[in-house]
Amino acid sequence: MCGIIGYVGKRQALPILIEGLRRLEYRGYDSAGIALSDEQGVSVTKSAGRLSALEQIVDASQPHTSGIGHTRWATHGAPNDVNAHPHQDGAGRFAVIHNGIIENDRALRVYLQRKGVEFTSETDTEVLAQLIAQLYNGDLEDAVRQALHEVSGTYGMAVVCADEPGVIVAARKGSPLIIGVGQGEHLLASDAAAILAHTTQVVYLGDGEMARITADEVRLTTLDAMPVAKDVEEIEWSLDQIELGWHEHFMLKEIVEQPSSLKNCLRGRINLEEGAVRLGGLVDCTRELTRAKRIIIVGCGTAWHAALVGEYLFEELARIPTETEYASEFRYRNPVLDDGTVVISVSQSGETADTIAALTEAKQRGALTLGVVNVVGSTMARETDAGVYLHVGPEIGVASTKAFTGQVTVLALMACYLGRRKHLSSTAAAQFNAALAAVPDHVEKILTAADECKAVAQKYSDRDNWLYLGRGYNYPVALEGALKLKEISYIHAEGLPAAEMKHGPIALITDGMPVVVIATAGSQYEKIINNIQEVRTRGGSVIAIATEGDREISQLAEHVIYVPDTLEPLQPLLTAIPLQLIAYHAAVIRGCNVDKPRNLAKSVTVE
Ligand code: G6P
């Protein structure tokens, strides 16, 4: 979704802003703009469409050493030039960029209109720009502070002012902002990827905090003007992790990275000799966690699918009743929570608005909250009582891949960690850990034999409807496989628990309809073979994901993609891989923009 970049220093701001915006493109956007400021004033250039459209019209002839830039994903107002950020006051002295939603923008608009202010756009952000201009009395920081006291809603915002060249004022409430610290320069961004090429030293702005940023100084205060002291922190991500390198798409890069991302996720967390799991992030709440009467896992999209695998894992290994909920439903459902309930939020970005809101609801009702999050320093990582990072590195592809396997891995580790403190024997835990440790090599093996996935995509990518079936631990994988296909190839796909097929969706099966069936060895193997027969009888084309050594299944399925044998609870980590590859190849064959799928945003920071 929307992205923010800012620069103030001694170098030319424009190329730094454009490069920063380019690195934010992956989040999804439909317009972009920049504001450059110097003694002469503030100059704003903005354009609907891709960043290249902005580059064509921006005046690069004038040197500027400070400015702000924005990519917008439309919420209030159509994605056109006028509604693109930055927004200005009538006199063009201020330029504001903003992520989030100003909820009382209608009332503020009327108030400002009564004072004679004329608006040019439909956006809530213009209200903020006009309000700051009205309140300005020679001190930008003070005007922003006053304006934000009038505002309700969420914001990660930045503003420049013609009267104060070389100054950026930024503020955050519910939408992330980080300040990059360089040599005689500072950067501002909503996402570390935008500034990583310049610095790995950052200060995370907290909710309700403001920053006045110049080339030499960052002054942090609360919205009530109290000084805030913060340490500079190091971002662990490296530039090559956010660059494509020799890969064709980020999605493919991240799929093939999974053997190493999973190794990183597991590193230092399992002790094979002792059969023990070490999760430093849970140490302080282990007692409370072990006594939990109930676990609720919340997430959205792919994270919700990982959470569903987590539900099965927690119940089986830790014997704690567990439910998985869409974060968006949980927050408005008046859920029954007590102090014996633990709420776990699963999220790659740590910034998904619905999941944050669910977390806030859970906290308010006294539940212990945990985060299973990838982005270090993200809102969820900060707002939860404790948690476990994925450590799978930055995920740039909009279709989540390595984050899914990272989330499942962390949930498996957590389930084993809790299980050991309850009913799981050391022998069973040791066996589980050994199987988990072998997963990265198994994934490597699946990736080296990936031709069959491409062949499946080639054969069926022209079909409009696909079904994905799975049982038990592989039911969430069926959902995830269908989501991957929909997201990037725009093929309609449905994922189902296989037994549910006969309660309706079976009516959809026609001659040659591709039906992906996850039919790995395990407790429900015979049942899923029956489901395959049901599909075949109706003319469907079965693509089976099966366990190595299962020769019989090739008699029943048109295509078989084999995965190595592992414990049933860990199968999702293997069976998800071919489904990611099938979706990827289908999208490429159909000529879709894999890394920038239509209408989608990497991180959904609005409701
Ligand atoms: C968006 C993305 C999905 C992702 C979901 C949750 O819809 O396109 O890929 O699964 O948000 O994101 P999160 O960052 O919370 O995991």
Side-chain angles (χ1 to χ4, degrees), residues 1-3 25-29 73 75 99 174-176 190-193 250-251 254-255 261 297-310 324-331 343-360 369-384 387-390 392-411 476-477 479-490 495 576 579-580 583-584 587 592-607:
M1 283 201 153
C2 304
E25 278 190 300
Y26 80 98
R27 300 176 63 88
Y29 71 108
W73 193 85
T75 53
N99 293 352
S175 191
S190 53
D191 180 328
F250 278 107
M251 182 181 177
E254 287 158 5
I255 291 173
S261 65
I297 320 181
V298 293
C300 302
T302 289
W304 185 84
H305 296 153
L308 202 53
V309 181
T324 302
E325 290 236 30
Y326 286 112
S328 55
E329 288 298 316
F330 174 85
R331 61 181 294 199
V343 174
I344 304 176
S345 63
V346 180
S347 173
Q348 189 286 126
S349 63
E351 302 295 348
T352 303
D354 281 323
T355 315
I356 291 173
L359 204 57
T360 309
T369 57
L370 304 182
V372 172
V373 172
N374 193 32
V375 178
V376 176
S378 58
T379 304
M380 269 180 243
R382 288 165 176 269
E383 296 298 316
T384 39
V388 184
Y389 281 121
L390 307 185
V392 297
E395 189 178 70
I396 304 292
V398 171
S400 187
T401 52
K402 65 176 180 175
F404 174 78
T405 48
Q407 286 157 351
V408 172
T409 301
V410 166
L411 290 165
V477 182
L479 300 183
E480 176 60 7
L483 179 66
K484 288 286 87 79
L485 192 71
K486 285 186 260 215
E487 283 181 308
I488 53 166
S489 71
Y490 318 139
L579 305 195
Q580 294 170 349
Y584 170 76
C592 302
N593 191 339
V594 174
D595 287 332
K596 298 189 186 84
R598 72 182 177 212
N599 305 337
L600 292 186
K602 178 68 185 156
S603 176
V604 180
T605 49
V606 295
E607 260 190 67

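Only this structure's heavy atoms are used, side chains among them; waters, hydrogens and symmetry mates stay out. Whatever order the structure lists ligands and atoms in, that order sets their numbers, starting from 1.
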Mind checking whether Ile488 and Cys592 have side chains closer than 4.5 Å, heavy atoms only? no
Is there a donor-acceptor contact under 3.5 Å from the side chain of Tyr26 to the main chain of Phe250? no
With sequence neighbours excluded, give me every salt bridge (Lys or Arg N to Asp or Glu O under 4.0 Å) pair touching residues 392-408. Glu257-Lys402, Glu395-Lys602
Just to verify, what does Thr324 make a side-chain hydrogen bond (donor to acceptor under 3.5 Å, both in side chains) with, not counting sequence neighbours? Glu311
My understanding is that only residues two or more places apart in sequence, or in another chain, count here; which of them pass side-chain hydrogen bond (donor to acceptor under 3.5 Å, both in side chains) with Thr369? Asp385
Under a 3.5 Å threshold, I'd like every N/O contact between ligand 1 and protein atoms, with atom names and distance.
| from | atom 1 | to | atom 2 | distance (Å) |
| --- | --- | --- | --- | --- |
| ligand 1 | 8 (O) | Ala601 | O | 3.0 |
| ligand 1 | 9 (O) | Val398 | O | 3.4 |
| ligand 1 | 10 (O) | Thr302 | N | 3.0 |
| ligand 1 | 12 (O) | Thr352 | OG1 | 3.3 |
| ligand 1 | 14 (O) | Ser347 | OG | 3.3 |
| ligand 1 | 14 (O) | Gln348 | N | 3.4 |
| ligand 1 | 14 (O) | Ser349 | N | 2.8 |
| ligand 1 | 14 (O) | Ser349 | OG | 2.6 |
| ligand 1 | 14 (O) | Thr352 | OG1 | 3.4 |
| ligand 1 | 15 (O) | Ser347 | OG | 2.6 |
| ligand 1 | 15 (O) | Thr352 | OG1 | 2.4 |
| ligand 1 | 16 (O) | Gln348 | N | 2.7 |

In sequence, state the C-alpha distance, the side-chain angles, and the governing distance for Cys300 and Val604, and then conclude on side-chain contact (heavy atoms from CB on, under 4.5 Å). CA-CA 9 Å; Cys300 302; Val604 180; over 6 Å; no
